[in-house]
Amino acid sequence: MSLNSTYFSSTEKTTDTHCDKAQESRMTHDSPKNDSECGSARRASREWWLYVALLCVPLLAVYLHIPPPQLSPALNSWRTSGHFFTFRGNNIFYKESFGVVGSSDVLLLLHGFPTSSYDWYKIWDSLTQRFNRVIALDFLGFGFSHKPRPHRYSIFEQASVVEALVTHLGLSEQRINILSHDYGDTVALELLYRSDHNRSGHITINSLCLSNGGIFPETHYPRFLQKVLKDSGFISPVFTRLINFQLFSRGIRDVFGPYTQPTEAEFWDMWTGIRFNDGNLVMDSILQYINQRLKHRERWVGTLTSTSTPLHMIYGPLDPVNPHPEFIQLYQKLVQRSTVSVLDEHVSHYPQLEDPTGFFNAYLSFINSF
């Protein structure tokens, strides 16, 4: 037993014994002195805890306002090589590289939750050797883009952000190849719906490749922290302020395979992207996309099963969020026109980071097949 616990236990015991004797005395003789001493002891105990609470308040206030970590050299290089455009008063970050000369092929990359366009850095150079233009953005509320609050984030708005970026880059008449992951899969399905239904301002999609996204609500198992944040109502803003690097890294570590774990520096880069512009404070609002998937399942799954656009799925089978074989069996059953690449059994929810070579080769085989 520690010295502190011995001290406090002894103090509490002495107080309790004294008050018990005072109680016993009252049963035999009225004793104002004993009553007074007992009341004083209890007041002293309450005052001690009040001092502790008062001390904790400023400490907690400091903790909740810890500044975001500094950008690593790699993350800073990614940011400085990118650009911004304005969407409804908000700055949206995007990165663009020109690759193969003489080709007109354009590739648009859509990242997942809760990270950013930096998810694609391991395969970026390889993609530029295949496509004329490779483009990635940070969705509103993610990465280096603005993170307004309060704000009602939605998949529909994110699809409009993508359409605005394509217009900004002068690619409205261009057929676009889309490669997406996780949250980006659902944004891609909304874009596919608009394209197939010839909605105004839509992107003309040349091909679509999805990866490890919870596109079927019935086979999607969000992490505990995600469920807490999205369903806790007015308490959620409190929880978002209490999330720190340790909680984040412990949670996201579970969606990587045991042999494909990021380095500590890579975890910090993910967390830095979230903390940039206080992105941790909007996570509960963004997470409503899980409820949106359920509400609009018929729209998004329906267009996936009916489209004539070339489709492919790259899947890390160790994914606890979209588990094997439940997820991939349902995908193959419903989306019969799609081809599928199942990666190594050790690859989990972030296949482009865990197995960049296997992921790139699977995508290259798909894109070269038509």
Side-chain angles (χ1 to χ4, degrees), residues 74 78 95-112 115-137 175-185 188-189 192 205-215 255-263 266 269-270 304 307 309-325 327-329 331-332 335-370:
W78 187 268
K95 179 178 170 66
E96 178 183 25
S97 290
F98 289 85
V100 179
V101 176
S103 170
S104 61
D105 290 347
V106 176
L107 176 63
L108 178 62
L109 305 171
L110 305 180
H111 68 82
T115 43
S116 68
S117 59
Y118 193 62
D119 285 354
W120 304 107
Y121 82 97
K122 287 188 177 182
I123 61 171
W124 187 265
D125 290 341
S126 297
L127 291 171
T128 60
Q129 296 173 24
R130 168 59 179 80
F131 293 90
N132 174 252
R133 296 174 78 170
V134 180
I135 304 157
L137 80 159
R175 297 184 66 83
I176 307 291
N177 299 287
I178 296 179
L179 173 57
S180 61
H181 171 245
D182 185 64
Y183 181 89
D185 283 5
L189 292 182
L192 183 64
I205 299 177
N206 188 57
S207 71
L208 172 58
C209 180
L210 310 167
S211 60
N212 286 79
I215 53 179
V255 300
F256 283 83
Y259 306 109
T260 56
Q261 289 283 308
T263 64
E266 289 171 334
D269 281 341
M270 293 179 189
L304 183 63
T307 188
T309 299
L311 297 173
H312 191 67
M313 167 66 72
I314 301 178
Y315 178 61
L318 204 59
D319 187 357
V321 183
N322 308 287
H324 186 273
F327 169 81
I328 204 65
Q329 286 177 349
Y331 181 85
Q332 291 176 313
V335 196
Q336 297 180 4
R337 292 189 61 260
S338 174
T339 51
V340 173
S341 296
V342 178
L343 301 182
D344 184 88
E345 62 182 3
H346 299 301
V347 178
S348 187
H349 185 68
Y350 278 85
Q352 77 276 36
L353 293 175
E354 298 177 66
D355 184 12
T357 300
F359 186 94
F360 174 74
N361 288 337
Y363 183 63
L364 195 63
S365 295
F366 163 63
I367 206 70
N368 290 337
S369 67
F370 59 92

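Under the rule for a side chain to side chain contact (heavy atoms under 4.5 Å, CB included), the partners of Thr309 that lie at least two apart in sequence or sit in another chain are Leu192, Asp196, Ile205, Thr307. Contacts of Lys122 classified as salt bridge (Lys or Arg N to Asp or Glu O under 4.0 Å), with partners at least two apart in sequence or in another chain: Glu266. Residues passing the ring-ring contact (aromatic ring centres under 6.0 Å, His included) test with His349, sequence neighbours excluded: His181. Residues passing the side chain to side chain contact (heavy atoms under 4.5 Å, CB included) test with Ser116, sequence neighbours excluded: Tyr118, Asp138. In terms of the salt bridge (Lys or Arg N to Asp or Glu O under 4.0 Å) criterion, residue partners of Glu96 (sequence neighbours excluded) are, by chain and number, Arg133. Contacts of Asp105 classified as salt bridge (Lys or Arg N to Asp or Glu O under 4.0 Å), with partners at least two apart in sequence or in another chain: Arg130. Judged as a ring-ring contact (aromatic ring centres under 6.0 Å, His included), and not counting sequence neighbours, Phe360 has no contacts. For Val340, the side chain to side chain contact (heavy atoms under 4.5 Å, CB included) partners two or more places apart in sequence, or in a different chain, are Met313, Ile328, Tyr331, Gln332, Val342. Under the side chain to side chain contact (heavy atoms under 4.5 Å, CB included) criterion, Asp344 pairs with His346, Val347, not counting sequence neighbours. Applying the ring-ring contact (aromatic ring centres under 6.0 Å, His included) criterion to Tyr183, with sequence neighbours excluded, gives Phe139, Phe142, Tyr289.
Listed by first and then second residue, the side-chain hydrogen bond (donor to acceptor under 3.5 Å, both in side chains) pairs involving residues 353-365 are Thr260-Glu354 (not counting sequence neighbours). Sorted by first and then second residue, the salt bridge (Lys or Arg N to Asp or Glu O under 4.0 Å) pairs involving residues 358-370 (not counting sequence neighbours) form an empty list.
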